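Throughout, protein chains are lettered first and strands after them, A, B, ... in sequence-line order, and every chain is numbered starting at 1. Heavy atoms only: backbone and side chains are in, while hydrogens, waters and symmetry mates are out. Not measured: the values here are computed from a predicted model.
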There are 2 protein chains.
Amino acid sequence: MNAVASKPPPENNLNERLAHSGLRLTPQRQQVHEVLREKMDHPTADMVFMRAKAKMPEISMATVYNCLDALVQCGMVRQVTLDRGATRYCPNMQDHSHFYCDECGSVHDILQTISPEDADIKLPRGFRLKNIETNLHGLCPDCAAKAK
Amino acid sequence: MNAVASKPPPENNLNERLAHSGLRLTPQRQQVHEVLREKMDHPTADMVFMRAKAKMPEISMATVYNCLDALVQCGMVRQVTLDRGATRYCPNMQDHSHFYCDECGSVHDILQTISPEDADIKLPRGFRLKNIETNLHGLCPDCAAKAK
DNA sequence: TCTCAATTTAGAATAGTTCTAAATCTTGAC
DNA sequence: GTCAAGATTTAGAACTATTCTAAATTGAGA
Ligand SMILES: [Mn+2]
Ligand SMILES: [Mn+2]
Ligand SMILES: [Zn+2]
Ligand SMILES: [Zn+2]
């Protein structure tokens with residue numbers, strides 16, 4: 001590789017990311033992050049709690065919320081709010097949008113976004129657009145098959 | 001106008017819309033709808049309650065929720081869920097998207113949407129796309145001005 | 001007028017999340 | 001290594017938004 005590596009690449013491991021935000025790497029934060037990466041089905045805090053608890057029985061709900069906050073804060077996890085109801089968490093930090101199945105409520109990553117340029121949105125005078133959040137609604141493959 | 005009016009235009013008044021869904025027009029439903037049309041700032045149920053109460057002091061929170069549900073059900077009002085926190089309500093049934101000010105939390109109608117065709121979203125096999133919800137994030141005119 | 005279903009109402013219950021305060025665990029200065 | 005200071009975890013209380021319950025009220029049609 002390049003011997004003159006000037007700058008480290010944007011640190012994408014938990015350790016460095018947390019440190020960068022002045023946060024410590026703890027077993028709980030590690031565990032919560034692992035739970036999210038293991039099954040990327042956009043679980044709610046409650047689901048994360050149950051999964052984490054299976055591996056780390058002493059973990060508490062409050063800690064799960066704390067850990068999720070820390071992970072969001074340091075940029076390792078995204079919050080996803082689609083319907084009313086519990087917030088969902090996504091450890092995929094690539095730019096992507098979400099497909100929400102209106103039938104079963106499952107959430108799927110779609111590796112494609114609409115950039116402010118793509119969509120030529122004409123905003124009224126004064127608005128400053130930062131980013132576009134796109135939520136796709138419809139039927140997931142399973143539900144589409146059943147609907148036939 | 002056209003003397004051979006074959007079909008009534010899609011009923012856009014409260015009365016007919018409610019009736020079409022087997023619901024009655026009540027003073028409370030009327031009041032809640034009026035509150036929404038009067039100030040289209042996407043208020044929460046709580047804000048609707050306070051505004052309605054000013055004109056109709058005996059109205060209850062439960063009724064406001066009931067009325068909002070009825071209005072959503074009959075297609076006179078849209079629910080808007082952006083951040084975590086209370087659901088907001090919008091009486092504008094035109095196809096539109098929402099601009100959310102990250103600074104002050106205000107929500108603004110943007111009379112423009114991205115259709116499934118416009119955005120050529122390439123979905124993995126099996127997904128059936130019904131509609132795209134676009135949420136614009138940035139600064140509203142007021143906050144953009146202050147930020148300067 | 002009477003009856004019955006729809007609606008409204010107050011308050012209880014629930015769900016999701018945040019807060020509080022005490023216990024525990026680092027980390028870094030000595 | 002010891003110790004103090006600060007960060008983190010924890011259980012449970014508190015809080016917010018919403019839904020549920022059951023009784024009272026309303027109103028349309030027989
Ligand atoms: Mn995702
Ligand atoms: Mn709107
Ligand atoms: Zn589905
Ligand atoms: Zn603003």
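The phosphate of D/dT18 (OP1 or OP2) has a side-chain N or O of B/Thr87 nearer than 4.0 angstrom. In this model, the phosphate group of D/dT8 is approached by a side-chain N or O of A/Arg29 to a distance below 4.0 Å at OP1 or OP2.
The separation between A/Leu23 atom CG and D/dT9 atom C1' is 14 Å, rounded to whole Å. Between the CD atom of B/Gln28 and the P atom of D/dT26 there is a distance of 10 Å, rounded to whole Å. Distance, A/Arg88 CZ to C/dT17 P: 11 Å, rounded to whole Å. Here C/dT9 presents its C1' atom at 17 Å from CD of B/Gln31, a figure rounded to the nearest Å. Rounded to an integer number of Å, the gap from CE of A/Met50 to C1' of C/dG16 is 14 Å. In this structure, B/Asn66 places its CG atom 11 Å from C1' of D/dT18, rounding to the nearest Å. Look at CD on B/Glu58: it is 11 Å from C1' on C/dT9, rounded to the nearest Å. Spacing between atom CG of A/Leu82 and atom C1' of C/dG16 amounts to 16 Å, rounded to whole angstrom units.
The side chain of B/Ser60 lies closest to C/dA10 when the candidates are D/dA11, C/dA10, C/dT8. In this structure, of D/dT18, C/dT17, C/dT8, it is C/dT17 that holds the atom nearest to the side chain of A/Ala45. Among the nucleotides C/dT9, C/dT18, D/dT18, the one closest to the side chain of B/Tyr65 is D/dT18.
Among the atoms of the strands shown, none is found under 4.0 Å from any heavy atom of B/Thr44. Across all strands, B/Thr26 comes closer than 4.0 Å only to sugar-phosphate atoms, never to a base (heavy-atom distances). Residue contacts for A/Asp46: at a heavy-atom cut-off of 4.0 Å it reaches no nucleic acid atom on any strand shown. A/Ala62 comes within contact range of at least one nucleobase, with a heavy-atom separation under 4.0 Å.
Looking at A/Asn92 and A/Arg78, their side chains never come closer than 4.5 Å, going by heavy atoms from C-beta outward. Looking at A/Arg37 and A/Met76, their side chains never come closer than 4.5 Å, going by heavy atoms from C-beta outward. Between B/Gln79 and B/Leu68 there is no side-chain heavy-atom pair separated by less than 4.5 Å.
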What pairs of donor and acceptor atoms, side-chain ones from residues 135-144 of chain B against any protein atom, are under 3.5 angstrom apart with sequence neighbours left out?
from: B/Asn135; atom 1: ND2; to: B/Glu133; atom 2: OE2; distance (Å): 3.0
from: B/His137; atom 1: ND1; to: B/Asp102; atom 2: OD1; distance (Å): 3.2
from: B/His137; atom 1: NE2; to: A/Glu133; atom 2: OE1; distance (Å): 2.8

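Applying the 6.0 Å contact sphere to CD of A/Gln112 captures more than 12 heavy atoms from other residues, nucleotides or ligands.
Between B/Met56 and A/Arg24, it is B/Met56 whose nearest contact on DNA chain C lies nearer the 5' terminus.
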